Chemist: 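Below is the structure I would like to discuss, written out as structure tokens.
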2 protein chains.
Amino acid sequence: MNKIDIRYLAKELNLAISTVSRALRDSHEISPETKEKVFALAKRLNYQPNANASGLRGQKSKIIAVVIPDMVNDFFSLVISGIEKITQAQGYHFLLYFTHGDHALEVSFINTLANGRVDGVLLSITDENNNNEHLEELNRKGIPLVLFDRVSERMDNVKVTSDNYESAVTATRHLIDTGCKKIAYLKVHKSIPVGTIRESGYLEALEKYSKQPAPLILECTNDNDEAFAAIRNMLEKEKPDGIFASLEKLAVVCYRVCEQIQLKIPEDIKIISFSNLQTAALLNPSLTTITQPAFEIGETAARELLRIIRKKGGAKGDVVLKSRLIERKSTSK
Amino acid sequence: MNKIDIRYLAKELNLAISTVSRALRDSHEISPETKEKVFALAKRLNYQPNANASGLRGQKSKIIAVVIPDMVNDFFSLVISGIEKITQAQGYHFLLYFTHGDHALEVSFINTLANGRVDGVLLSITDENNNNEHLEELNRKGIPLVLFDRVSERMDNVKVTSDNYESAVTATRHLIDTGCKKIAYLKVHKSIPVGTIRESGYLEALEKYSKQPAPLILECTNDNDEAFAAIRNMLEKEKPDGIFASLEKLAVVCYRVCEQIQLKIPEDIKIISFSNLQTAALLNPSLTTITQPAFEIGETAARELLRIIRKKGGAKGDVVLKSRLIERKSTSK
DNA sequence: GTGAAAGCGCTAACAC
DNA sequence: GTGTTAGCGCTTTCAC
């Protein structure tokens, strides 16, 4: 197979390489007829410009990197889908990296990316409390960086997040408004910042809108059976009439517990949960959820990054997207 | 910021560019001391070789492309995770593309990828009945291609799939063996080949292992409420004692129907379903699932592709990975 | 064991 | 409106 490069096209058409190059980029200096001929041949031979060559020459690759912790829950899958929509629409490609919660891996990715392979980086920070030297370095090298979801206040880059605090207040208040007098908050033992922020929202709402004498916070482990036992124990002892789960998985476990100890939802106890799972509506018709705008976070972050890459100015603006409270109707109608 | 390229390193160390290059690639022609010095400086300055330059020079990019329909269900998320594990381990990167079920988009991706941007392609075909000219072209150009999950028998490339037919037989047989006399199969109306293959498995098992006089197949739409009504209607009319759902979502809807019309699972009716959802165990403690080895499919496909790229021979082998039947114990212990 | 130089495919500055 | 040419940063002959 003859390899088809710009030189081959030029020879074939009896034109100079540069003429062909210009024609392909639709330069105004080239006559319509010439362009026509070039386009036709390029199309016929399915010519594709060599990405490495134009990248090397122009110092840009039309590729961005997306670095996230992992894809074990729906949240990041949806974010990726949002990113894909924008990159695809704007003629960009993206490389995907998982840090698996390993800060050192994040550092290593970021460092090796600063080599012309990508035009910019979208990052959800693995360990928000760790140091940011690798990110500062990226900034110093002038490689655009946009942070999303898990961000660092210490970095001066554009950040795209959702309203974890406010939505936790909203969720808790929703339970209060629908009559709950004793609301429990289910959190996971692992201390990720977002869990703490949501907890503050819960506390704030109790303080402000409820007469509940004391918060009721249950720390659960990642083990389902352990969580089941802990929640059951708490429900039987404390008899809350409202549950705010910081994670969908906890809400589902809680639902099972209620089933087993014969608590009716929502008559005896109301449950509300953070969730991005698309099948949430099916899990339990009475489960109300707070849903982060995951897809929109992806779209927005990608859009911001591409804007910066293209140096289309505009105010550098952090974006906070609103979560939505979704009350489930029964699927049975 | 001074940009750090190989030339800069060379000047700094009073060496020739080629010497530095060789040292960095750990060539045996270079003296240990020189190597040491080069490594030290490279490390100190966090030197990263320019990917476009080495790509252009060596006609390889260390990037592969992954082309899938989308990520709306867990299956492809898990596949991606498997791919990531292998590429990461072997020093490769991957670009991700979604076709969103659009064959023309797949063609366009594949065509533009044949330009040196990637060293190989992992593809789950969007429309298995459509033409493969774009893939043939990829083969002609000598760009390695491995197909997974949704493959085409007409292509001669390595294929990595799972045992849809056999596992459907297994699932149906499992219901028969546990005493079901009348088993219904829930399929989605959209005719994707995999649905048809699973249906054949269901039919085969009934034929071979059951005395059930006729198959009972219910086509459901994608609308949850419609599916709910159809399943309810079927359950009330036909009173099956076993359900084989080709999709997890259908199983969950079915579970809700049972709840509403007071059918006990698994006493009155047994349900088994294809599923990749990690929270499946939580959905219903009595839901038995057939789980595709999604992660392993990703790993295997990636491993095969990288093997081909590296031209490490070995038998060209299609791989069929086994699904696992998982009986749920109650989460309550 | 090290250096000089060609060239991967493309773009753009500079001719004409 | 088109052609000539100099690199982009790297690898790899080929010299010495």
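Computed from a predicted model, the values in this text were never measured in an experiment. Order of the sequence lines fixes the chain letters, A, B, ..., with proteins taken first and strands second; residue numbering starts at 1 for each chain. Any value given below was found using the heavy atoms of this structure, including those in side chains, with hydrogens, waters and symmetry copies removed.
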Chemist: Using whole Å, what does the distance between atom C1' of nucleotide C/dG1 and atom CG of B/Leu13 come to?
Modeler: 15 Å
Chemist: Decide ring-ring contact (aromatic ring centres under 6.0 Å, His included) for A/Phe109 and A/His134; before the verdict, give the C-alpha distance in whole Å, the side-chain angles of both, and the deciding distance to 0.1 Å.
Modeler: CA-CA 10 Å; A/Phe109 287 149; A/His134 57 306; over 10 Å; no
Chemist: Could you walk me through whether A/Leu122 and A/Val79 pass side chain to side chain contact (heavy atoms under 4.5 Å, CB included), step by step?
Modeler: CA-CA 11 Å; A/Leu122 280 176; A/Val79 171; over 6 Å; no
Chemist: Whole angstrom is fine here: how far is it from CG in A/Asn14 over to P in D/dG3?
Modeler: 9 Å
Chemist: Below the 4.0 Å mark, does D/dG1 have OP1 or OP2 next to a side-chain nitrogen or oxygen of A/Lys35?
Modeler: no
Chemist: What is the distance, rounded to the nearest whole Å, between atom CG of A/Asn52 and atom C1' of C/dG7?
Modeler: 15 Å
Chemist: For D/dC8 and B/Arg7 - does any side-chain N or O of the residue sit under 4.0 Å from the phosphate oxygens OP1/OP2?
Modeler: yes
Chemist: When the distance from NZ of B/Lys11 to C1' of D/dC10 is rounded to whole Å, what number comes out?
Modeler: 16 Å
Chemist: May I have the distance from A/Lys60 (atom NZ) to C/dA12 (atom P), rounded to whole angstrom?
Modeler: 7 Å
Chemist: Using a cut-off of less than 4.0 Å, is there contact between a side-chain N or O of A/Ser21 and OP1 or OP2 of C/dA12?
Modeler: no
Chemist: C/dG9 phosphate, OP1 or OP2: any side-chain N/O from A/Tyr47 under 4.0 angstrom?
Modeler: no
Chemist: Below 4.5 Å, heavy atoms only, C-beta onward: do A/Phe98 and A/Met71 meet side chain to side chain?
Modeler: yes
Chemist: Identify whether any heavy atom of A/Ser31 sits under 4.0 Å from a base atom; if not, whether one sits that close to sugar-phosphate; answer base, sugar-phosphate or nothing.
Modeler: sugar-phosphate
Chemist: Counting only side-chain N and O atoms of A/Gln59, is one of them less than 4.0 Å from OP1 or OP2 of D/dG9?
Modeler: yes
Chemist: Starting from P on D/dT12, measure out to CG on B/Leu56 and report it in whole angstrom.
Modeler: 13 Å
Chemist: Just compare C/dG1, D/dC14, C/dC10 and give me whichever is closest to any side-chain atom of B/Arg22.
Modeler: D/dC14
Chemist: Tell me whether the side-chain N or O atoms of A/Ser18 pair up with the base of D/dG3 as donor and acceptor below 3.5 Å, since no angle test is needed here.
Modeler: yes
Chemist: Would you please confirm or rule out a distance under 4.0 Å between OP1 or OP2 of C/dG1 and any side-chain N or O of B/Thr34?
Modeler: no
Chemist: So that I can tick it off, tell me whether B/Asp119 and B/Lys62 are bridged by a salt bridge, with the cut-off set at under 4.0 angstrom between side-chain N and carboxylate O.
Modeler: no
Chemist: Expressed in angstrom and rounded to an integer, what is the separation of A/Asn50 atom CG from D/dC10 atom P?
Modeler: 17 Å
Chemist: In this structure, how many angstroms lie between the P atom of C/dT2 and the CG atom of B/Leu24, rounded?
Modeler: 14 Å
Chemist: Does A/Glu33 come within less than 4.0 Å of A/Lys37, counting only side-chain N to carboxylate O?
Modeler: no
Chemist: What contact category does A/Leu15 fall into here, base, sugar-phosphate, or nothing, at under 4.0 angstrom with non-hydrogen atoms?
Modeler: sugar-phosphate
